[in-house]
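Notes to accompany the following structure.
In what follows, residues are counted from 1 in the order of the sequence shown.
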Amino acid sequence: MKRGKGIAAWLMVLAMVLMMTACAGGTDETAQGQTETQAAETTQAAEETEAETETEAAAAADETVDVVIVGGGGAGMTTAIKLVEGGKDVILVEKQGMLGGATSLAATYFVAVNTPVQQEAGMGMEIADYVAEQVEANPQTSAENLTTLLEHSEESRQWLLSLGVDLTRPMSYYQVGIGDGSSLGSAIVVALADEVERAGVDYRLNTRATEIVMEDGKAAGVKVEGPDGAYTIYANDVVLAAGGYAASPEMVAKYAPEWEGAASTTAAGNVGDAFTMAEAVGASLKDMDNVRMNPGVYVDDNGAAYSLSVARAEGGIMVNMNGERFCNDYAHDYTEMSREIMAQEGDHVYIVFDQTSVDNSERLASFGERGFFLQADTLEELAEQMGVPAENLVATVERYQGFVDSGVDEDFGRDTAMGSRIDQAPYYAVRCLPGIQVTLGGIEVNGNMQVLDTEGAVMEGLYAVGECANDGLYGGAPTNINVTFGTLLAEYIIENR
């Protein structure tokens, strides 16, 4: 703002000079000469004042704090809140015009295991068993980091509850949702943003980090560009929490060409800034080709993409253009599901559900209010709207109803979110295709979220957390990762820096 005020002052001086010249009339050569001399002197003084103001602005813009955090999503906000509560001087920069990032788009559930609400609902499971299950499914998974995450799940859930997030709905042995079925991400972002204000975090919107400052091999701050221009924030510690690259077509084409051209349900700001900056200072990037697809993405007439995962989470099934199921509608491996969708005939599939599902979820109901769904009083009428054989759709639903009744999906092994028999009219269908949800690789870190260089050594003063960090969990619990690892990172910095 100082630069802007300087320009305004200079313009006022110039206007005064012009007014003086007009009043002189221009007929008296002496007066005219005096006026021109005054104008020249005044203009010179104004230019000198402006130069001084610019110098002051540049000097004032460079700041020094304990920690600078890049990215105002769930991970960045949590880390900032906890650091400030621990007595650290923090600046949080966010290049978008609002806080939230991709966390604001989180749809349905918070990954947690064996919490009291799950135990009470008969959905308890030992953490060690869940970790073993995940490692078996993906041997690259860090059992240590996943165990740490889940052992702190209840602590994180309780903290969110204390902030007003109604995280009380047990959905499965590894899922807890908002009590009324509304959007998880929105609830968390509103609560965290309120806490950022309450804690007095210095956050700066529309401010993009462009470069990590290194001094003597240590991270020493970041260069940023904000509404008032470019400046440097020097800090003892730099935390990167700037999300992935799913919103960058160029990076998708570079790192995950299999999905080039796919829609994305991530935040618009997730274009890989953290990776570009980290790689430039020697950080190791790992598994950058690893992305997590969303198998149920609805794209509206304007090209905007929306995750309809909630339709499956509330009991919906996926059918192809033959009106038949073709996969486990709620499998853990969303990317493999997406490949199965792409193998079907036609350019889309449908999620089919009923009024029971809509009644159970405020989020799902809101999509219906926006006109995303086909709707009919009978399955036969719905099939006609979908353009699929009615007899096939009816047979598919009736067979699935039997699986719900028995609790065993004999065709595809679906064992979660079978809460609806799809027998309560009206019936609904939403057209969908896969879209890129998150990128799972990223900046290589150790268990303390310290960034590692290409030789595997710790880069002093540099950390990464959230989607931009390759923490060995491959996006398996993003909202929990943001809150829990953001908290643990803040505790590590407070205790060790």
> Just how far is it from atom CG of L192 to atom CG of L160, taken to the nearest 0.5 Å?
Replying inline: 6.5 Å
> Would you say the side-chain atoms of S307 and S309 include a donor-acceptor pair closer than 3.5 Å?
Replying inline: yes
>> Surrounding CE of M125 (heavy atoms of other residues, nucleotides or ligands, distance under 6.0 Å), is the total greater than 12?
In response: yes
> Can you find a pair of side-chain heavy atoms, one from M386 and one from L374, that are under 4.5 Å apart?
Replying inline: yes
> Which residue pairs pass the salt bridge (charged side-chain N to carboxylate O under 4.0 Å, His left out) test when at least one of the two sits in residues 240-261, sequence neighbours left out?
Replying inline: E258-R339
> Is there a side-chain contact between M459 and L452 (heavy atoms, below 4.5 Å)?
Replying inline: no
> Would you say the side-chain atoms of S186 pair up with the backbone N or O of S183, donor to acceptor, closer than 3.5 Å?
Replying inline: no
> In Å and rounded to the nearest 0.5 Å, what is the CZ to CZ distance from F403 to F412?
Replying inline: 8.5 Å
>> T148: which residues meet the side-chain hydrogen bond (donor to acceptor under 3.5 Å, both in side chains) condition with it, sequence neighbours left out?
In response: none
> What are the two closest non-hydrogen atoms of A313 and M171, and how far apart are they?
Replying inline: CB-CE, 4.2 Å
>> Please determine whether side-chain contact (heavy atoms from CB on, under 4.5 Å) holds for the pair D237 and D66, giving the CA-CA distance in whole Å, both sets of side-chain angles, and the decisive distance to 0.1 Å.
In response: CA-CA 6 Å; D237 295 292; D66 295 326; over 6 Å; no
> How would you list, by chain and number, every residue that makes a side-chain contact (heavy atoms from CB on, under 4.5 Å) with E126, sequence neighbours excluded?
Replying inline: N114, D129
> How many angstroms lie between atom CD of Q450 and atom CG of N496, to the nearest 0.5 angstrom?
Replying inline: 8.0 Å
> Would you say the side chains of E324 and N320 form a donor-acceptor pair under 3.5 Å?
Replying inline: no
> Looking just at side-chain N and O atoms, do S182 and E362 make a donor-acceptor pair shorter than 3.5 Å?
Replying inline: no
> Is S420 reaching over with its side chain to a backbone N or O of I422, donor-acceptor style, under 3.5 angstrom?
Replying inline: yes
> Can you list the steps and then say if Y492 with R497 is a side-chain hydrogen bond (donor to acceptor under 3.5 Å, both in side chains)?
Replying inline: CA-CA 8 Å; Y492 177 84; R497 302 295 295 171; over 6 Å; no
> Got a sec, which residues hit side-chain hydrogen bond (donor to acceptor under 3.5 Å, both in side chains) with R292, two or more places apart in sequence or on another chain?
Replying inline: Q437
> Considering residues, nucleotides and ligands other than E336, do more than 12 of their heavy atoms fall under 6.0 Å from its CD?
Replying inline: yes
> To the nearest 0.5 Å, what is the distance between CD (Q140) and CG (N290)?
Replying inline: 7.0 Å
>> Any side-chain to backbone donor/acceptor pair from Y174 onto F110? Under 3.5 Å, distance only.
In response: no
>> Assess the residue pair V196 and I81 against the criterion (side-chain contact (heavy atoms from CB on, under 4.5 Å)); give the C-alpha distance rounded to whole Å, side-chain angles, the decisive distance to 0.1 Å, and a yes or no.
In response: CA-CA 6 Å; V196 162; I81 292 166; 3.8 Å; yes
>> Let's go through L149 and L473 carefully: what are the C-alpha distance in whole Å and the side-chain angles of both, what is the deciding distance for side-chain contact (heavy atoms from CB on, under 4.5 Å) to 0.1 Å, and is it a yes or a no?
In response: CA-CA 10 Å; L149 180 78; L473 300 186; 3.9 Å; yes
> Going by the salt bridge (charged side-chain N to carboxylate O under 4.0 Å, His left out) test, which pairs reach into residues 181-210, not counting sequence neighbours?
Replying inline: E63-R204, E85-R198, E195-R198, D202-R204, R208-D273
> So do M321 and V349 actually touch side chain to side chain, heavy atoms under 4.5 Å?
Replying inline: no
>> If we ignore hydrogens and angles and just use 3.5 Å, is the side chain of T487 paired with the main-chain N or O of T78 as donor and acceptor?
In response: no
> Do you know the tightest heavy-atom contact between V238 and A219?
Replying inline: CG2-CB, 4.1 Å
> Is any side-chain heavy atom of I91 closer than 4.5 Å to a side-chain heavy atom of I233?
Replying inline: yes
> What residues form a side-chain contact (heavy atoms from CB on, under 4.5 Å) with Q118, not counting sequence neighbours?
Replying inline: A112, T115, M123, P170, V176
>> On a heavy-atom basis, which atom in V397 and which in R421 lie closest, and how many Å separate them?
In response: CG1-O, 4.4 Å
>> Can you give me the closest heavy-atom contact between P478 and G476, atom names plus distance?
In response: CD-C, 3.8 Å
>> Quick one, E151 and I127 - any side-chain contact, counting heavy atoms below 4.5 Å?
In response: yes
> With a 4.5 Å heavy-atom cut-off, do S338 and P295 have their side chains touching?
Replying inline: yes
> Where do I178 and A187 come nearest, in terms of heavy atoms and distance?
Replying inline: CD1-CB, 4.0 Å
> Does the pair W159 and K82 meet the rule for a side-chain contact (heavy atoms from CB on, under 4.5 Å), with working shown?
Replying inline: CA-CA 11 Å; W159 183 61; K82 296 294 185 177; 3.3 Å; yes
> Which residue pairs pass the salt bridge (charged side-chain N to carboxylate O under 4.0 Å, His left out) test when at least one of the two sits in residues 308-320, sequence neighbours left out?
Replying inline: R169-E314
>> Under a 3.5 Å distance rule, please check whether K223 uses its side chain to pair with a backbone N or O of A209 as donor and acceptor.
In response: no
> With sequence neighbours left out, what residues match R157 under side-chain hydrogen bond (donor to acceptor under 3.5 Å, both in side chains)?
Replying inline: E154
> With sequence neighbours left out, which residue pairs that include part of residues 471-480 fulfil the side chain to side chain donor-acceptor pair (under 3.5 Å) condition?
Replying inline: S153-N480, D287-Y474, N480-T484
> When rounded to the nearest 0.5 angstrom, what distance separates CG in N328 from CE in M318?
Replying inline: 11.0 Å
> Distance from E491 atom CD to N448 atom CG, nearest 0.5 Å?
Replying inline: 11.5 Å
> What pairs of residues pass the ring pair (Phe, Tyr, Trp, His ring centres under 6.0 Å) test when at least one of them lies in residues 348-368, not counting sequence neighbours?
Replying inline: H348-Y350, F353-F373, F353-Y428, F367-F372
>> Determine whether a donor-acceptor pair (N or O, by modelled atom type, separation under 3.5 Å) exists between the side chain of E279 and the backbone of L285.
In response: no
> Looking at A283 and I443, what are the two nearest heavy atoms and their distance?
Replying inline: CB-CG2, 4.3 Å
> What residues, two or more places apart in sequence or in another chain, satisfy side-chain hydrogen bond (donor to acceptor under 3.5 Å, both in side chains) together with Y255?
Replying inline: none
> Would you say the side chain of Y173 lies within less than 4.5 Å of the side chain of T416, judging by non-hydrogen atoms?
Replying inline: yes
> Which pairs pass salt bridge (charged side-chain N to carboxylate O under 4.0 Å, His left out) with one or both residues in residues 293-309, sequence neighbours excluded?
Replying inline: none
>> Would the distance check show the side chain of S264 and the main-chain N or O of T266 forming a donor-acceptor pair, the cut-off being under 3.5 Å?
In response: yes
>> With heavy-atom distances below 4.5 Å as the criterion, would you say the side chains of Y400 and R325 are in contact?
In response: yes
